[in-house]
There are 2 protein chains.
Amino acid sequence: MANAERLDRERVIKAAVELLDSDGLDALSTRRLGTVLNSSPNVMYWHVGSMENLVGLATDQVFAELTLAIEGASWRDDLAQTARDLRLLFSRHPWLTEAFSTHPRIHGPAIVRFQNHLLQVCSRAGFEGFDLDWAGASVFTQVLGDAWGRTPSPMPKDRTTTPTEIVEQVRGDLADYPLLLERYEALANADPGTVDEASFEFGLTVLLDGLQARLNQRPPAP
Amino acid sequence: MANAERLDRERVIKAAVELLDSDGLDALSTRRLGTVLNSSPNVMYWHVGSMENLVGLATDQVFAELTLAIEGASWRDDLAQTARDLRLLFSRHPWLTEAFSTHPRIHGPAIVRFQNHLLQVCSRAGFEGFDLDWAGASVFTQVLGDAWGRTPSPMPKDRTTTPTEIVEQVRGDLADYPLLLERYEALANADPGTVDEASFEFGLTVLLDGLQARLNQRPPAP
DNA sequence: ACCTGAACACCGTTCAAGT
DNA sequence: ACCTGAACACCGTTCAAGT
């Protein structure tokens, strides 16, 4: 099975990202990748070394999609913009949450560039020293946690269970917790898109207000 | 290979948690579990149905360790206490981050009880409606993100790489980002335990201040 | 009711061998 | 330098068969 063009690292990564975007992290296997590339079940090893490495390269690849513009507005606007862009990245590539949790030490040029951007924005805000690291990390964490909460259970054609059905299933477990049951029902009856959006903005506002409070305690040098 | 005592659901889950605690999520396989239980490679199927289900049951099992006491102090203290307890749970069972990200829809009595506790504390603080859900979720997200950032790369005996060596390895990638390099070095030279603690407390304070700011905008009814 | 053995369809990775 | 074939040591899951 000779393929039309010669393979290289870039084409392998591109095929990996396509597989990940369409079918998720589990779908990325050495053998499926070989099939997609019209090649042998283990082509990737020459080009990227290992599965773990390939996931890291694919992650770095999609991080390159981020614009990371500094608009010149307030640090609040810059940080909010960064968080919203990152959120969109995670929604375009839902496998990112799983990739980060199973391979926690991913790094690469685009990720490093993103980390630096976060630090720059937080630095402008007035953070220094370790506060700088922690402020940046809190933004990333916020988006990661938001995306995690939004990850749909992977049930491809499993008779798409409606929210109402889910509530029925857990109603027994919730018998002792009327407040929790009330919230489950409220969420089941709300429009998912609207709730997702508002939920993210709630978290973002809380985060920015919290950072602001921290800055107010340590006012900038005159 | 007859085993001394009869198996039941509880013993299977207990063995699973021990395997997870000692060797991580990857170590939990049907065959290893069978070996540990002095039984066949597929014993678990009769008792828990599937691997996915077993991970959920193990997660719920460890969530039962949480005390979830309401101290009667301020909502801030209660929420901080809950977050710190949850953090300790994640550090006792480092596989939890991966479990939540690979099986996002885990639920069970102990988890439901924890969710209810979060809602109760947030409700006392003055949150209502969807704000209640989002406030609770932000606490869980905060701890999850903190634990994620702390997950050590699983390199068992891989010549424990020192932080300084890591900095050397990425120094090339960081050439264009002096601020980022400076932060890497500062973190490499700091005591990990102290930094972890301070990092968590920073995030927690930011979160609580942010929630407080939200409450101030919507003062409680008189 | 509970457990075993064998099988199916997969994995990641290595390595000698090909071109 | 790049790719293939075959093999090794694993997976989760099913199912007929045992007790």
Side-chain angles (χ1 to χ4, degrees), chain A residues 1-16 19-20 22-59 95 98-99 101-103 105-106 153-158, chain B residues 1-16 19-20 22-59 95 98-99 101-103 105-106 153-158:
Chain A
M1 277 284 80
N3 45 336
E5 309 171 42
R6 214 165 181 72
L7 286 180
D8 57 10
R9 204 179 164 96
E10 196 184 355
R11 281 193 53 200
V12 172
I13 297 173
K14 193 167 172 241
L19 224 39
L20 288 164
S22 60
D23 293 330
L25 193 61
D26 287 344
L28 181 64
S29 75
T30 56
R31 286 166 177 78
R32 280 196 64 171
L33 199 57
T35 306
V36 163
L37 293 169
N38 282 329
S39 192
S40 64
N42 51 352
V43 239
M44 54 159 281
Y45 284 95
W46 204 90
H47 296 283
V48 301
S50 73
M51 192 72 234
E52 166 128 17
N53 204 21
L54 179 57
V55 174
L57 290 165
T59 302
W95 47 274
E98 211 174 329
S101 85
T102 45
H103 312 278
R105 292 284 171 254
I106 292 177
S153 40
M155 38 174 172
K157 294 295 175 310
D158 194 271
Chain B
M1 277 281 81
N3 46 335
E5 310 172 40
R6 213 164 182 74
L7 286 180
D8 57 10
R9 204 181 164 96
E10 196 184 353
R11 281 192 54 200
V12 172
I13 297 173
K14 191 164 172 244
L19 224 40
L20 288 164
S22 59
D23 294 330
L25 194 62
D26 287 343
L28 181 63
S29 74
T30 57
R31 285 165 177 79
R32 281 196 62 173
L33 200 56
T35 305
V36 163
L37 293 169
N38 282 328
S39 193
S40 64
N42 51 353
V43 238
M44 54 158 282
Y45 283 95
W46 204 92
H47 297 282
V48 301
S50 74
M51 192 72 232
E52 166 127 16
N53 204 21
L54 179 57
V55 174
L57 289 165
T59 302
W95 48 274
E98 210 174 330
S101 85
T102 45
H103 312 278
R105 292 285 170 255
I106 293 176
S153 39
M155 37 176 173
K157 295 296 175 308
D158 194 271

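No hydrogens, no waters, no symmetry mates; every other heavy atom, side chains included, goes into these values. Within every chain, numbering begins at 1; the chains are lettered A, B, ... in the order of the sequence lines, protein sequences first and strands thereafter.
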* So, do T102(A) and E52(A) sit near enough that their side-chain heavy atoms are less than 4.5 Å apart? -> no
* Touch class at under 4.0 angstrom, heavy-atom based, for T30(A) against every strand present -> base
* Structure fact -> From CG of N53(B) across to C1' of dT13(D) the rounded distance in Å is 14 Å
* Asked: Between dC2(D), dT13(D), dC11(D), which one does the side chain of M51(B) approach most closely?
  -> dT13(D)
* Structure fact -> The nucleotide from dC3(D), dG12(C), dC11(D) with an atom nearest the side chain of R6(A) is dC3(D)
* Report yes if the side chains of R9(B) and V12(B) come closer than 4.5 Å at any heavy-atom pair, otherwise no. => no
* Find which nucleotide of DNA chain D each of V43(A) and D26(B) is nearest to by heavy atoms, and output the residue with the more 5' nucleotide. => V43(A)
* Asked: What's the CG-P distance between L37(A) and dC2(D), to the nearest Å?
  -> 15 Å
* Asked: Quick one: does N42(A) reach the base of dT4(D) with a side-chain donor-acceptor pair under 3.5 Å?
  -> no
* Please give, in whole Å, the distance from dG12(C) C1' to L25(A) CG? -> 14 Å
* Return the value, rounded to whole Å, for the distance between atom CG of L33(B) and atom C1' of dT13(D). => 14 Å
* **Nucleotide dT13(D), atom P - distance to CZ of R32(B) in whole Å** => 17 Å
* **From dT4(C), dT13(D), dA1(D), nucleotide with atom closest to Y45(B) side chain** => dT13(D)
* Quick one: does T30(A)'s side chain get under 4.5 Å of N42(A)'s, heavy atoms only? -> no
* dA1(C) phosphate, OP1 or OP2: any side-chain N/O from H47(B) under 4.0 angstrom? -> no
* Asked: With sugar-phosphate meaning primed atoms plus P, OP1 and OP2, does L28(A) contact a base, only sugar-phosphate, or nothing at under 4.0 Å between heavy atoms?
  -> sugar-phosphate
* Asked: Separation of H103(A) atom NE2 from dG12(C) atom P, in whole Å?
  -> 10 Å
* What's the CZ-P distance between R31(A) and dG5(D), to the nearest Å? -> 13 Å
* S39(A) side chain: which of dT4(D), dT13(D), dC3(C) is closest? -> dT4(D)
* To do: Search all heavy atoms of W95(B) against all heavy atoms of T59(B) and return the closest pair with its distance.
  => CZ3-OG1, 3.7 Å
* Does dC8(D) have a Watson-Crick or wobble mate here (both distances under 3.5 Å), and if so which one? -> dG12(C)
* Closest nucleotide among dG12(C), dT4(C), dC2(C) to the W46(B) side chain -> dC2(C)
* **Among L54(A), D26(A), L25(A), V55(A), side-chain contact (heavy atoms from CB on, under 4.5 Å) partner for L20(A)** => L25(A)
* Between dC11(D) (P) and L19(B) (CG): distance, integer Å -> 10 Å
* Given DNA chain C, 5'-ward residue of the pair S40(B) and P41(A), judged by closest heavy atom -> S40(B)
